[in-house]
Amino acid sequence: DIHRKFKASGLFLRSGASKALNETLLEFSVDLSHEQLLESIDFVIKELVDRHLESNAIDEQLMQDVIHKLNQAGMRREAAMDEPLEPRLEVVDIFQLPRMIYYPDRKAFLPDPRPSQLHADAAFKTSRLRDRVSMVLQRTLRSREFQQRIEGLSVDGGHVKLTPLDALIGLTEQDAAGTDDGLLVLGMLSRLEEGKFYLEDLSCRVQVSLAKTVVCSGLFTEGCVVLAQGKYLDGIFHAAFVVFPPPETRIDSRTYFGQTNFFGGETNPKEQTQLQIAEKQNENAMFVIASDVWLDKPRVMAKLRTMFSGFSQGLPPVAFILCGNFVSTPYGPTHPKVLTESFDALADLIAEFPALAESHFIFVPGPQDIGPGNILPRPPLPAMFLERMLRRVPRATFASDPCRIRYCTQEIVVFREDLVNKMRRNCVIPPVEDEAASAQLVKTLVDQSHLCPLPEHVRPVYWNFDHTLWLFPLPDVLILADRFDGYKLTYEGCTAFNPGAFSVNDGGFQVYWPSRAAPSHPQFESRVEFSKID
């Protein structure tokens, strides 16, 4: 486990360093469990990575220095904790989220030293796409499924060999055809000329023919990274099969990259065990999620009153997550006035229920709410329209879109976007008809490790903040607030659901219970429940 973890982080242990670390862990093994020992190794790796070493070879002196520093900071923990910490909720400011870059030589993600500016220079237009391809490629090359077989592809002997696109150039006709099953390549689908599609990777681009392509589950649009199997003839790659790269579970990602904080916000690895205890013991904790909450409609306000009244009777929810659009008629000269009056009325309504004073109210803007253009990520609603809400509801938080929430040990991503119809409308290959659109959407986003793998002309993204849309590592919960019909499903250990439109769905919403067993647990019970206000 020790050498595997260090190797996955791009570090090499010399014999003296390995001996020093083994002796220290052996000493601690009396008081610590196996999981806690693995966490201790992660602490050591994180400290080494943070030092930005010139060499990836770790000698005994450097290891002793790191162990001494971690000992001073309290690396040795008691096996029996005193009392668990109080449950903790944090809404992450994604505009402060560090951009991570993958370094193949070190096999590690490190923060980009360049500053994050809203309006970046032209270099970021291409670097954000290269970063995405690099992220998916490193994930694919080490996946167990890729090493053995990939569903949908025809492979001899169960072994898959990936061919870089630049290796196709100049191949003889026999080599370009590959085996009987053809060659396997990875690249991003793009349309650089009218009617012509290309595959692009980090080194090259090649025209691709999709005329006779057989696809598997998923929504294949421009901007998606795909695995294609076929033959390269006359300067064109003729794809016989196209599939998404195999996904990676959250557990596997964490195994490779340890305690690297991709999600943002504050986290202390030493508190994870205590927070996990607090999370499981707080059995009544729940999140209430509703989307398209039109606050300017009296019938919607009446349903919200009924909802708040019901939840105030018992233990209040940890948080209400309310997503836009918050006004039924977008834009127009009266929109700011209507929005202000609507949130003033909502603040007065919430204040009528003192029992909800301990609940958080998290507001995620919709695509037609007031903001600086319809570009992702969207900043929070302007505070100038929300003065009464911020004054009367102390735990009100106006978040960005997408929004990231950390609750105890769980990571929750909320995204308000009408994705199902938009993705289906922009498919370059007709999707499989006998599978639910919601299941294909979730598979696409998880396999792409991205919330919106659409081309820039369809869904603009700030070049410098594309990393805020990444789903790597996978979150525990993915809330895809959409006008499409509500759904809930689990894919690769990620619980994904859509509450549907509250305003047009008879007050439909969903409740998430974080303390219930995870999908991989044998006693798993659904952590998401539909509900409706009659």
Note: Arg378-Asp401 ion pair, threshold 4.0 Å (strictly below): no
Lys488 atom NZ, over 12 foreign heavy atoms within 6.0 Å: yes
If you measure from the Lys or Arg side-chain nitrogens to the Asp or Glu carboxylate oxygens, is any gap between Arg416 and Asp292 under 4.0 Å? yes
Gln440 to Gly218 - nearest heavy-atom pair and separation: OE1-O, 3.1 Å
So how far is it from Leu202 CG to Leu129 CG, rounded to the nearest 0.5 Å? 11.0 Å
What heavy-atom pair brings Ile370 and Pro336 nearest, and what distance separates the two atoms? CD1-CA, 3.8 Å
Where do Phe509 and Ile289 come nearest, in terms of heavy atoms and distance? CB-O, 3.2 Å
Can any side-chain N or O of His335 pair as donor or acceptor with the backbone N or O of Val327 at less than 3.5 Å? no
What are the two closest non-hydrogen atoms of Pro453 and Arg132, and how far apart are they? CB-NH2, 3.8 Å
So, do Phe244 and Phe220 have ring centers that fall under 6.0 Å from each other? yes
Please determine, by modelled atom types, if Gln138 and Tyr256 share a side-chain donor-acceptor pair under 3.5 angstrom. no
Are any of the side-chain heavy atoms of Pro367 and Asn374 separated by less than 4.5 Å? yes
Any non-hydrogen side-chain atom of Asp252 less than 4.5 Å from a side-chain atom of Arg139? no
Check: Asp369 and Phe363 side chains under 4.5 Å, non-hydrogen atoms: no
Quick one: CD1 on Ile45 to CD1 on Ile58, what's the gap to the nearest 0.5 Å? 10.0 Å
How about Gln276 and Thr409: does a side-chain donor come under 3.5 Å of a side-chain acceptor? no
Under 3.5 Å, is there a donor-acceptor pair between the side chain of Arg130 and the main chain of Asp201? no
Shortest non-hydrogen contact from Tyr407 toward Pro87: OH-CB, 3.7 Å
Ser438 side chain to Tyr487 main-chain N or O, any donor-acceptor pair under 3.5 Å? no
Verdict with supporting geometry, Glu222 and Val458, side chain to side chain contact (heavy atoms under 4.5 Å, CB included): CA-CA 10 Å; Glu222 291 180 64; Val458 176; over 6 Å; no
Measuring only between side-chain heavy atoms, which start at C-beta, is Trp470 closer than 4.5 Å to His450? yes
Taking all heavy atoms of Val92 and all of Gly265, pick out the closest pair and write down the distance. CG1-N, 3.7 Å
Judged by modelled atom types alone, do Asn426 and Thr221 share a side-chain donor-acceptor pair under 3.5 Å? no
Salt bridge Lys443-Asp447, side-chain N to carboxylate O under 4.0 Å: yes
Enter the distance from Asn498:CG to Leu480:CG here, rounded to the nearest 0.5 Å. 7.0 Å
Separation between CG (Leu381) and CG (Leu386), nearest 0.5 Å, reads 6.0 Å
Take Thr468 and Phe95, measure what side chain to side chain contact (heavy atoms under 4.5 Å, CB included) needs, and give me the verdict at the end. CA-CA 8 Å; Thr468 64; Phe95 288 96; over 6 Å; no
Cation-pi geometry met for Arg406 and Phe263 (6.0 Å, 45°): no
With distance as the sole test, does Asp482 use its side chain to make a donor-acceptor pair with the main-chain N or O of Leu419 at under 3.5 Å? yes
For Arg205, I'd like to know if atom CZ has over 12 heavy atoms of other residues, nucleotides or ligands within 6.0 Å. no
If you define the side chain from C-beta out and look only at heavy atoms, does anything of Leu356 sit under 4.5 Å from Phe320? yes
Distance check, rounded to the nearest 0.5 Å: Arg527 atom CZ versus Gln510 atom CD? 13.0 Å
Short side-chain donor-acceptor distance under 3.5 Å, Tyr198 and Glu193: yes
Whether Phe109 and Tyr102 hold their rings parallel, tilted or perpendicular, with breakpoints at 30° and 60°: tilted
Flag side-chain contact, heavy atom, 4.5 Å: Ile94 against Phe465: no
Side chains of Phe472 and Met100: closer than 4.5 Å at any heavy-atom pair? no
Can you check side chain to side chain contact (heavy atoms under 4.5 Å, CB included) on Cys452 and Val461, steps first, answer last? CA-CA 9 Å; Cys452 194; Val461 176; 5.7 Å; no
Test your reading of the model: is there a side-chain donor-acceptor pair from Ser253 to the backbone of Thr249, 3.5 Å cut-off? yes
Look only at the side chain of Glu492 and the backbone of Val446, and say whether a donor-acceptor pair between them is shorter than 3.5 Å. no
Salt-bridge contact Arg395-Glu358 (side-chain N to carboxylate O under 4.0 Å): yes
Are Leu189 and Leu199 close enough, and set up right, to give a side chain to side chain contact (heavy atoms under 4.5 Å, CB included), and what steps lead you there? CA-CA 5 Å; Leu189 275 173; Leu199 285 174; 3.9 Å; yes
Electrostatic pair Asp105:Lys107 at N-O distance under 4.0 angstrom: no
Report yes if some heavy atom in the side chain of Asn464 is under 4.5 Å from a heavy atom in the side chain of Arg99; otherwise report no. yes
Any sub-3.5 Å donor-acceptor pair from Ser190's side-chain atoms to Leu192's backbone N or O? no
To the nearest 0.5 Å, how far apart are CD1 in Ile412 and CD1 in Ile362? 8.0 Å
